[in-house]
Number of protein chains: 2
Amino acid sequence: MLFHFRDKFPLLNPFWDKYLEYQQRLELPAKTVLLEEGKVSGQYIFIEKGCVRLFFNNDGNDKTVQFFFENEGLTSFESFVNNAPSAFTIETIEPSVVYLLPKQYVTQLMDELSHEPDFLKMMMQLSSLRQTHYINEFVSFIRDTPEERYQKLLTDRPHIVQRVPQHYFASYLGVSTVHLSRIKSKLAKGKLHF
Amino acid sequence: MLFHFRDKFPLLNPFWDKYLEYQQRLELPAKTVLLEEGKVSGQYIFIEKGCVRLFFNNDGNDKTVQFFFENEGLTSFESFVNNAPSAFTIETIEPSVVYLLPKQYVTQLMDELSHEPDFLKMMMQLSSLRQTHYINEFVSFIRDTPEERYQKLLTDRPHIVQRVPQHYFASYLGVSTVHLSRIKSKLAKGKLHF
DNA sequence: CCCTGACGATAACATATGTTATCGAGTTCA
DNA sequence: TGAACTCGATAACATATGTTATCGTCAGGG
């Protein structure tokens with residue numbers, strides 16, 4: 001659903017509501033591919049239940065870039081905007097319920113909204129948030145050790161550690177699965193003062 | 001100058017021109033601080049000549065996040081938009097000539113422009129570019145080795161390697177200065193088939 | 001013209017991390 | 001229920017990388 005945007009700028013609500021009917025609701029098993037690397041992104045994805053990951057393939061072993069959970073929306077942004085082949089695959093991690101809104105309606109909706117003054121503000125706000133997110137990911141790599149990144153993941157976004165298989169977020173943290181295992185056992189030992 | 005944006009959407013040119021007079025031209029020596037970490041960003045910076053870097057301090061040794069050269073504009077985006085203390089310092093690397101446009105005029109300009117239909121397109125395009133840039137930086141860390149990142153810097157943005165002191169882009173690449181030196185000498189040896 | 005500081009190369013050593021292989025616990029499915 | 005598969009822990013070894021220290025070159029300022 002477009003609930004992702006609902007109520008952030010109440011004046012825009014009528015627009016979201018108008019497009020609800022064009023969405024397709026899907027119940028998907030785990031490991032279902034929603035967008036394949038190399039294909040052009042043709043829809044906006046909203047997650048009602050479950051979680052998905054964005055990853056790319058690197059000589060056989062894949063590297064996860066981002067995770068999405070309930071009430072979050074996503075698409076391969078660059079592919080979507082530029083009609084270019086996606087650099088990433090999108091795949092469910094858990095059995096999930098998602099809503100898909102085909103690109104033509106997204107475009108149409110954007111055109112309608114472009115006349116609304118609040119829309120620009122919303123887009124600026126959203127793009128500032130996204131940008132900050134990715135800058136922080138990047139900065140974390142030049143500032144923190146993998147161990148620190150793991151600990152920040154634990155405190156800042158524990159749901160990832162709890163719900164996502166470890167080998168998926170190992171690549172996200174930039175380490176091998178073996179080393180992530182080492183980090184965990186080292187931290188576990190550190191806690192054992194009794 | 002706002003030449004950064006000029007001619008990208010010709011219909012918007014009159015707006016840029018109108019604000020040219022509010023800019024302050026400065027000739028600065030190397031290592032001049034333009035924005036200090038912890039202070040709120042109060043101006044948009046445009047580089048006419050020279051180059052600057054964006055960095056943050058990490059227990060005494062600083063980490064460079066990004067470089068800017070002639071005809072590029074910058075600000076500490078998050079600080080500027082949210083009126084929040086900047087996480088980064090901005091400093092000249094070479095003796096430089098810059099133009100500063102105070103925040104009040106930027107805000108005023110944005111308000112005027114928000115009524116122009118082309119402006120939204122331009123902002124979307126710019127934000128898509130920025131986002132892609134930072135995603136690529138991030139992805140490079142989980143896909144490439146430091147050696148590969150150095151080689152890509154050499155081929156994709158050779159001006160950085162040529163004009164920027166090595167210890168600045170070492171931290172940008174996520175390695176120590178010593179290791180960057182090792183990488184260079186290793187690559188130099190590789191070339192010596194004669 | 002010398003002194004100093006900025007910059008970069010290199011060595012030696014310690015630590016972090018990747019790779020490969022093996023094992024075991026759960027889950028899924030026929 | 002048994003076979004196949006997914007997931008994660010661990011060991012052993014090789015390599016990558018950080019840290020500290022030393023040295024040489026070069027440019028700028030007195």
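Chain letters run A, B, ... following the sequence lines, proteins first and then strands; every chain starts at 1.
- B:S76 and B:S86 share a side-chain donor-acceptor pair at under 3.5 Å.
- Between A:Q166 and D:dA9 there is a side-chain N or O to OP1 or OP2 distance below 4.0 Å.
- Salt-bridge annotation for A:R143 and B:D62: absent, with no side-chain N of the basic residue lying under 4.0 Å from a carboxylate O of the acidic one.
- For DNA chain D, no neighbouring residue in residues 136-152 of chain A is found when judged by any heavy atom under 4.0 Å.
- Ring to ring, A:Y172 and A:F67 are close: their centroids are under 6.0 angstrom apart.
- Between B:K49 and B:E70, at least one side-chain nitrogen of the basic residue sits less than 4.0 Å from a carboxylate oxygen of the acidic one, meeting the salt-bridge criterion.
- Using a 4.0 Å cut-off between a side-chain N of Lys or Arg and a carboxylate O of Asp or Glu, A:R149 and A:E137 do not qualify as a salt bridge.
- B:S140 contributes no side-chain N or O that, together with a main-chain N or O of B:N136, makes up a donor-acceptor pair within less than 3.5 Å.
- The six-membered or imidazole ring of B:Y22 lies near that of B:Y19, with a centre-to-centre distance under 6.0 Å.
- Ring-centre distance between B:F138 and A:F138: not below the 6.0 Å cut-off.
- Residues from residues 167-184 of chain A that place a heavy atom under 4.0 Å from any atom of DNA chain C, listed by number: A:G174, A:V175, A:S176, A:V178, A:H179, A:R182.
- Enclosure of atom CD in B:E78 is not indicated, since only 12 or fewer non-hydrogen atoms of other residues, nucleotides or ligands lie within 6.0 angstrom.
- In this structure, a donor-acceptor pair under 3.5 Å is absent between the side chains of A:Q131 and B:Y134.
- Stacking of B:R53 on the aromatic ring of B:F68 is not recorded, the 6.0 Å distance cut-off and the 45° axial limit not both being met.
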Identify each atom pair where a protein N or O and an N or O of nucleotides 27-29 of chain C are less than 3.5 Å apart, giving names and distance.
none

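- Atom CD in A:E91 sits roughly 13 Å away from atom C1' in D:dT6 (whole-Å rounding).
- Counting non-hydrogen atoms of neighbouring residues, nucleotides and ligands closer than 6.0 angstrom, the NZ atom of A:K152 exceeds 12 such neighbours.
- With hydrogens and angles disregarded, a donor-acceptor distance shorter than 3.5 Å links the side chain of A:E37 to the backbone of A:N57.
- Of the N and O atoms on the side chains of B:R182 and B:H179, at least one donor lies less than 3.5 Å from an acceptor on the other residue.
- One finds a salt bridge joining B:E147 and B:K186 here, because a Lys/Arg side-chain nitrogen approaches an Asp/Glu carboxylate oxygen to under 4.0 Å.
- Consecutive Watson-Crick or G-U pairs involving DNA chain D, each under 3.5 Å on both distances, make up stems of three or more pairs at C:1-30 with D:1-30.
- Residues B:L153 and B:I160 form a side-chain contact, since some pair of their non-hydrogen atoms from C-beta on lies under 4.5 Å apart.
- The closest donor-acceptor contact from the side chain of A:E148 to the backbone of A:T145 lies under 3.5 Å.
- Proximity of B:K31 to the phosphate of C:dC7: a side-chain N or O atom is located under 4.0 Å from OP1 or OP2.
- Remark: nothing in residues 49-65 of chain A comes within less than 4.0 Å of DNA chain C through any heavy atom.
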Checklist entry - What is the per-nucleotide protein-contact pattern of nucleotides 22-30 of chain D, from the 5' end, where B denotes a base atom under 4.0 Å from a protein heavy atom, S denotes such proximity for sugar-phosphate atoms only, and - denotes neither? => result ---------
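- In this structure, the side chain of B:T177 does not engage the main chain of B:H167 through any donor-acceptor pair within 3.5 Å.
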